[in-house]
Amino acid sequence: MPENTSNTGNLVKTALTPATHTTPPAKFSHGVRKGNILQVAGQVGFLPAEEGKAPTPAGPTLREQTLQTFANVKAILEEGGATWDDVMMMRVYLTDVDHFAEMNQIYNEYFEEQGLKAPASARTTVYVGLPKGLLIEIDALAVLG
C-alpha cells in the first residue's frame, strides 16, 4: 500500500514502500508516483526485509546482488502499478569497472527471461562508491498508460 500521499495541483503524489523493503535510512521514498510517472529510487541488492533485522545484502557475487536488485526495483514498480514494459530509463551504478561486462550479461539474460513486450528501456551505467559489500545500485523511471 502507498506509504503516504500529498495532493499538489491536480495530481496526487504517492510514496511507495513495498512490504519487502525497510523504511529508508533518510528522508526519501523508495518510489514515488505522480499521475502516470513513477520514479524508483536507487535500489541495492538487499534481501527482503525481516522485522528487527538490519538490511542484509544478497550473497557476495555480482550476479546474486544484481538479481536481488532487479527484484527490489520490480517490487516498487508493481507497488505503483507499473511493469518493466513501462520503464523508460534505468540507471545502473557499479562499484567496479571490471564488473561491466558481467553485469551486461546478467542484465540481458534477466530481461530476456522477463519476456518484455515493449522495446528495451534507455540505460546509463556509471561507476560510484557504495556502502561496503554492495556492488550495484539501480534506479528506474516508468511512464504508465
Side-chain angles (χ1 to χ4, degrees), residues 1-49 55-145:
M1 278 297 176
E3 182 179 285
N4 59 43
T5 61
S6 71
N7 190 354
T8 54
N10 294 333
L11 300 175
V12 175
K13 180 177 170 183
T14 304
L16 306 167
T17 300
T20 54
H21 288 56
T22 60
T23 300
K27 188 146 179 73
F28 67 88
S29 300
H30 285 294
V32 176
R33 179 171 175 181
K34 186 172 183 179
N36 68 338
I37 305 291
L38 191 158
Q39 176 66 56
V40 176
Q43 299 295 301
V44 295
F46 285 142
L47 295 168
T56 306
T61 69
L62 180 65
R63 175 172 290 280
E64 291 167 306
Q65 287 195 22
T66 301
L67 293 175
Q68 185 61 54
T69 301
F70 282 141
N72 294 341
V73 171
K74 185 177 181 182
I76 297 166
L77 290 170
E78 290 174 349
E79 185 79 7
T83 69
W84 287 118
D85 283 318
D86 298 310
V87 174
M88 300 294 294
M89 178 66 180
M90 292 179 64
R91 284 169 289 276
V92 176
Y93 308 90
L94 293 172
T95 59
D96 187 338
V97 68
D98 292 334
H99 287 161
F100 186 72
E102 181 183 0
M103 184 276 301
N104 273 336
Q105 181 181 354
I106 298 163
Y107 189 99
N108 289 341
E109 289 169 4
Y110 178 84
F111 285 107
E112 284 175 16
E113 291 171 5
Q114 296 302 304
L116 298 182
K117 297 176 194 104
S121 67
R123 190 186 95 192
T124 297
T125 303
V126 296
Y127 304 98
V128 299
L130 291 173
K132 185 177 171 111
L134 294 173
L135 305 174
I136 187 168
E137 181 173 348
I138 298 174
D139 70 41
L141 174 67
V143 178
L144 291 82

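Numbers for residues simply follow the sequence, beginning at 1. All values below come from the heavy atoms of this structure, side chains included, with hydrogens, waters and symmetry mates left out.
- Remark: the backbone N or O of Glu64 is paired with a side-chain donor or acceptor of Thr61 at under 3.5 angstrom.
- Thr66 OG1 to Ile106 CD1: the interatomic distance, rounded to the nearest 0.5 Å, is 4.5 Å.
- When the shell of 6.0 Å around CE of Met88 is examined, it contains 12 or fewer heavy atoms from other residues, nucleotides or ligands.
- Considering all non-hydrogen atoms of both residues, Ala75 and Thr20 come closest at CB-OG1, 3.9 Å.
- Between Phe70 and Tyr110, the angle of the ring planes stays under 30°, which puts this pair in the parallel group of the 30/60° scheme.
- Across Thr69 and Gly45, no two heavy atoms sit closer than the pair OG1-N, 3.0 Å.
- Within the 4.5 Å cutoff, no side-chain heavy atoms of Thr14 are placed close to those of Lys34.
- The two atoms that bring Ser29 and Ala41 nearest to each other are O-CB, 3.4 Å, heavy atoms only.
- Distance CE/Met90 to OG1/Thr125: 9.0 Å, rounded to 0.5 Å.
- Atoms OH and OH, from Tyr93 and Tyr127 in turn, are 13.5 Å apart once rounded to the nearest 0.5 Å.
- Here the CG-CG distance, from Asn72 to Leu67, works out to 11.0 Å after rounding to the nearest 0.5 Å.
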**Request:** Go through the steps to decide whether Leu134 and Thr95 satisfy the test side chain to side chain contact (heavy atoms under 4.5 Å, CB included), and finish with yes or no.
**Result:** CA-CA 8 Å; Leu134 294 173; Thr95 59; 5.8 Å; no
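- Heavy atoms only, all atoms of each residue included: Pro57 and Phe46 are closest at N-CD2, 3.6 Å.
- Counted by atom type alone, Gln43 and His21 present one or more donor-acceptor pairs between their side chains at under 3.5 Å.
- Taken to the nearest 0.5 Å, the CD1 atom of Ile138 stands 13.5 Å off from the NZ atom of Lys74.
- Applying the salt bridge (Lys or Arg N to Asp or Glu O under 4.0 Å) test to residues at least two apart or on different chains, the pairs with a partner in residues 80-98 are Arg91-Asp139.
- Of the N and O atoms on the side chains of Ser121 and Arg123, not one donor lies less than 3.5 Å from an acceptor on the other residue.
- Formation of a donor-acceptor pair under 3.5 Å by the Gln68 side chain with backbone atoms of Leu47 is not found in this model.
- The shortest distance between side-chain heavy atoms of Glu137 and Val44 falls below 4.5 Å.
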**Request:** Take Arg33 and Glu79, measure what side chain to side chain contact (heavy atoms under 4.5 Å, CB included) needs, and give me the verdict at the end.
**Result:** CA-CA 10 Å; Arg33 179 171 175 181; Glu79 185 79 7; over 6 Å; no
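- With a 4.5 Å cut-off on side-chain heavy atoms, Trp84 and Val73 count as touching.
- Side-chain atoms of Glu102 do not come within 3.5 Å of backbone N or O of Leu62 as any donor-acceptor pair.
- Residues meeting the salt bridge (Lys or Arg N to Asp or Glu O under 4.0 Å) test with Glu78, sequence neighbours left out: none.
- The two residues Ala49 and Thr22 make their nearest non-hydrogen contact at CB-CG2, 3.5 Å.
- Interatomic distance, NE2 of His99 versus CD of Gln105, reported as 13.0 Å (0.5 Å rounding).
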**Item:** side chain to side chain contact (heavy atoms under 4.5 Å, CB included) assessment of Leu141 paired with Ile37
**Value:** CA-CA 7 Å; Leu141 174 67; Ile37 305 291; 3.8 Å; yes
**Request:** Determine, step by step, whether Leu144 and Leu38 satisfy the side chain to side chain contact (heavy atoms under 4.5 Å, CB included) criterion, reporting the C-alpha distance in whole Å, the side-chain angles of both residues, the deciding distance to 0.1 Å, and the verdict.
**Result:** CA-CA 8 Å; Leu144 291 82; Leu38 191 158; 4.1 Å; yes
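- Side-chain atoms of Leu77 and Val40, non-hydrogen and from C-beta on, do get closer than 4.5 Å to each other.
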